Structure formats: structure tokens, C-alpha cells
Amino acid sequence: MTPASPWTPLPGSDPLGGLRAAVEAPEGVLGHEPNGGYEDRCWVLHTIRTDIRRLRWREVLAGAGRRLEEWPGTPSYLLFQGVEGRDEHEGPSDGEIDRECLVRLVELLARHGGGPDTPVYAAQAPIEDLLEAVPARGGRLADAPAHHDRCSGRSGETWVQFPANWWAADGSWFVLTDWDLCATEVFGSRSLIAALLGDEELEAVRHPSIAEALGRG
């Protein structure tokens with residue numbers, strides 16, 4: 001029998017550290033994006049691979065004469081429409097962080113926060129079932145990859161994707177993967193964001209937030 005996920009289901013009455021209303025709000029149906037409250041933010045771009053190596057987004061886009069910096073929208077699949085050879089690539093994943101990025105992100109969150117045992121909350125995007133309360137869980141930061149292995153139909157659980165939102169219980173950082181996007185937005189301290197932007201394993205960039213891209217920022 002497959003073991004249960006180490007991220008434990010929480011009842012609908014749990015306030016989720018005061019963010020229950022935010023992650024359930026209608027305007028956050030694809031995932032909740034914080035509006036302030038953190039020193040800095042950036043995007044972690046989801047992995048693109050061929051059969052033999054990882055490709056950087058700038059490398060893929062350069063072949064089509066495009067630059068992410070010139071893209072006015074958020075980092076989504078739309079950016080890759082019409083890119084030659086696109087069908088030969090694996091990724092980037094839509095609406096769910098890939099495991100490779102997740103593992104490294106967890107390492108950096110632990111290093112610049114409370115360590116691997118940091119208590120976290122996680123909430124699915126309301127769009128997964130608009131008629132039900134948003135499924136939420138709690139657990140340790142270090143167990144995020146194990147929960148990722150339980151999602152996306154890998155074990156037959158009801159959760160369709162890895163949670164859209166997950167955050168430190170102490171409010172020090174917050175992570176969002178909007179249902180429609182191919183990148184994960186991370187909010188936190190200046191030192192955390194600087195570490196993400198400078199990391200050689202991740203491809204992290206500064207780019208307009210969802211609100212800014214929609215003209216609400």
C-alpha cells in the first residue's frame with residue numbers, strides 16, 4: 001500500500017494561519033497572489049528539457065527571436081506559441097511546479113528560513129472544485145517533494161496538482177503557482193529572493209506580477 005502523504009489534510013474550519021479567506025477568495029480562483037507584506041519577490045521558471053539536457057528559457061526563446069524581458073504578460077505557455085522545435089521539448093509544466101525545481105526551491109527556502117522542519121500550510125486552487133471548500137494541508141517544508149509525488153494522478157488522490165499556494169506558517173515566505181502559468185512566484189525576504197535569483201540550478205527572474213501584467217498592480 002502506498003503510504004499517506006506526510007502533508008496532513010486540515011479541516012475547513014482551520015484558519016490556515018489567517019490566510020483561509022485569501023486563498024478561497026473569488027479573485028484568487030487560479031491561485032492567490034499576495035499584495036504586499038513581503039520584502040521582495042521573483043519568478044522561478046519551470047524546467048524545459050530535451051532528451052539529453054536542460055534548456056534555459058532564454059535559449060529556447062532566442063531561437064524564435066524573443067526575450068522574456070519584452071513579454072508584457074506573465075510567464076505562461078503563450079510565450080512559447082510558434083517557437084520552432086517546441087514539440088521536442090519536455091516542459092515547462094503548466095500550473096504545477098516540476099519536481100526538479102521544487103526540490104531546489106525547498107532547499108533554498110530551508111536555508112533562508114527556519115530550516116527543513118519549518119511548518120507550512122498548503123492550499124489547492126479553488127478552480128479544482130468550485131463547489132467545495134478549498135482542500136488544505138499542513139506539514140513540514142522538507143516533505144513538499146514527497147507530497148508532489150502523491151499529486152497529478154500519481155497515486156489516485158483527489159488532488160489534481162501540487163497545491164497552488166504553500167507558505168511558511170510564520171508568514172516569512174509564500175509560494176504561488178497560478179493554474180495557467182509555467183512559473184512559480186515566490187515572495188519573501190530580500191536575502192531569499194537574492195539567493196533564488198543568483199542560484200545556478202534554478203532559473204529565477206524578475207518579471208511583472210500577475211496583478212501588474214493585468215494592470216492592477
Side-chain angles (χ1 to χ4, degrees), residues 15-48 57-58 61 66-81 91-98 101-102 105 108-109 112-113 120-130 133-136 144 160-199 202-217:
L16 305 181
L19 288 180
R20 168 72 73 174
V23 298
E24 291 185 339
E27 60 269 22
V29 67
L30 303 181
H32 167 65
E33 182 180 54
N35 181 19
Y38 298 91
E39 291 181 345
D40 207 352
R41 49 164 290 277
C42 71
W43 289 96
V44 173
L45 307 179
H46 297 172
T47 304
I48 302 175
W57 280 38
R58 61 176 177 271
L61 294 172
R66 301 177 189 174
R67 298 175 66 245
L68 177 60
E69 295 83 354
E70 298 170 351
W71 177 254
T74 45
S76 76
Y77 64 92
L78 296 173
L79 185 57
F80 297 97
Q81 288 186 339
S93 57
D94 295 345
E96 177 185 40
I97 188 170
D98 60 89
C101 283
L102 174 63
L105 176 57
L108 292 173
L109 289 171
H112 292 270
V120 300
Y121 292 111
Q124 304 298 123
I127 195 174
E128 291 191 41
D129 193 338
L130 294 174
V134 170
V160 176
Q161 298 185 171
F162 188 77
N165 296 132
W166 46 290
W167 62 96
D170 66 4
S172 58
W173 50 263
F174 190 97
V175 178
L176 159 68
T177 305
D178 184 285
W179 187 268
D180 282 343
L181 303 187
C182 298
T184 289
E185 199 172 13
V186 182
F187 301 79
S189 65
R190 293 186 183 91
S191 63
L192 168 62
I193 302 306
L196 294 174
L197 291 170
D199 190 70
L202 291 175
E203 188 176 6
V205 299
R206 293 195 182 281
H207 198 70
S209 66
I210 298 171
E212 290 169 341
L214 295 176
R216 300 198 303 253

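This one's a predicted model, so the numbers in the text were calculated from it and none came from an experiment. Both backbone and side-chain heavy atoms feed into the values below; hydrogens, waters and symmetry mates do not.
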Hits for ring-ring contact (aromatic ring centres under 6.0 Å, His included) against Trp179, two or more places apart or cross-chain, chain-then-number order -> none
Closest heavy-atom pair, Val23 versus Val134, reported as atoms and distance to 0.1 Å, is O-CG2, 4.2 Å
Sorted by chain and residue number, the side-chain contact (heavy atoms from CB on, under 4.5 Å) partners of Ala183 (sequence neighbours excluded) come out as Trp43, Leu45, Pro75
Looking only at heavy atoms, the pair that brings Phe162 and Glu96 closest together is N-OE2, 2.9 Å
Correct closest heavy-atom pair for Leu68 and His207 would be O-CE1, 3.1 Å
Review point. Can any side-chain N or O of His32 pair as donor or acceptor with the backbone N or O of Glu27 at less than 3.5 Å?
Key: no
Separation between CG (Leu78) and CG (Leu181), nearest 0.5 Å, reads 9.5 Å
Output for pair (Arg41 CZ, Ser209 OG), nearest 0.5 Å, gives 5.0 Å
Q.
Could you check whether any side-chain N or O of Gln124 sits under 3.5 Å from a backbone N or O of Pro135, counting only pairs where one atom can act as donor and the other as acceptor?
A. no
dist Leu196:CG -> Leu108:CG (nearest 0.5 Å) comes out at 5.5 Å
Contacts of Asn35 meeting side chain to side chain donor-acceptor pair (under 3.5 Å) (sequence neighbours excluded), chain-then-number -> none
In this structure, OH of Tyr38 is separated from OG of Ser189 (nearest 0.5 Å) by 11.5 Å
The side chain to side chain donor-acceptor pair (under 3.5 Å) partners of Asp199 (sequence neighbours excluded) come to Arg104
By side-chain contact (heavy atoms from CB on, under 4.5 Å), Ser93 pairs with (sequence neighbours left out) His46, Asp98
NE2 (His112) and OG (Ser172) are apart, to the nearest 0.5 Å, by 12.0 Å
Kindly say whether Leu176 contributes a backbone atom to a donor-acceptor pair with the side chain of Glu185 at under 3.5 angstrom?
no
Residues pairing under side-chain hydrogen bond (donor to acceptor under 3.5 Å, both in side chains) where one sits in residues 67-79, two or more places apart or in two chains, turn out to be Arg67-Glu70
Between Ala213 and Pro208 the two heavy atoms that sit nearest each other are N-CB, 4.4 Å
On a heavy-atom basis, the closest approach of Glu203 and Arg58 is OE2-N, 3.7 Å
- Just wondering, do Leu109 and Trp166 contact through their side chains at under 4.5 Å, heavy atoms? yes
Residues at least two apart in sequence or cross-chain that pass side-chain contact (heavy atoms from CB on, under 4.5 Å) with Leu19, listed by chain then number, are Ala22, Trp167, Phe174
*Go through Ile210 and Leu30 one step at a time and tell me if the side-chain contact (heavy atoms from CB on, under 4.5 Å) criterion holds.*
CA-CA 11 Å; Ile210 298 171; Leu30 303 181; over 6 Å; no
Here the pair of heavy atoms bringing Pro92 nearest to Phe80 is CG-CE1, 3.9 Å
Contacts satisfying salt bridge (Lys or Arg N to Asp or Glu O under 4.0 Å) that involve residues 161-180 (not counting sequence neighbours) are none
Hits for side chain to side chain donor-acceptor pair (under 3.5 Å) against Arg66, two or more places apart or cross-chain, chain-then-number order -> none
Applying salt bridge (charged side-chain N to carboxylate O under 4.0 Å, His left out) to Glu33 and not counting sequence neighbours gives none
Hits for side-chain contact (heavy atoms from CB on, under 4.5 Å) against Leu197, two or more places apart or cross-chain, chain-then-number order -> Cys42, Ile193, Ala204, Arg206
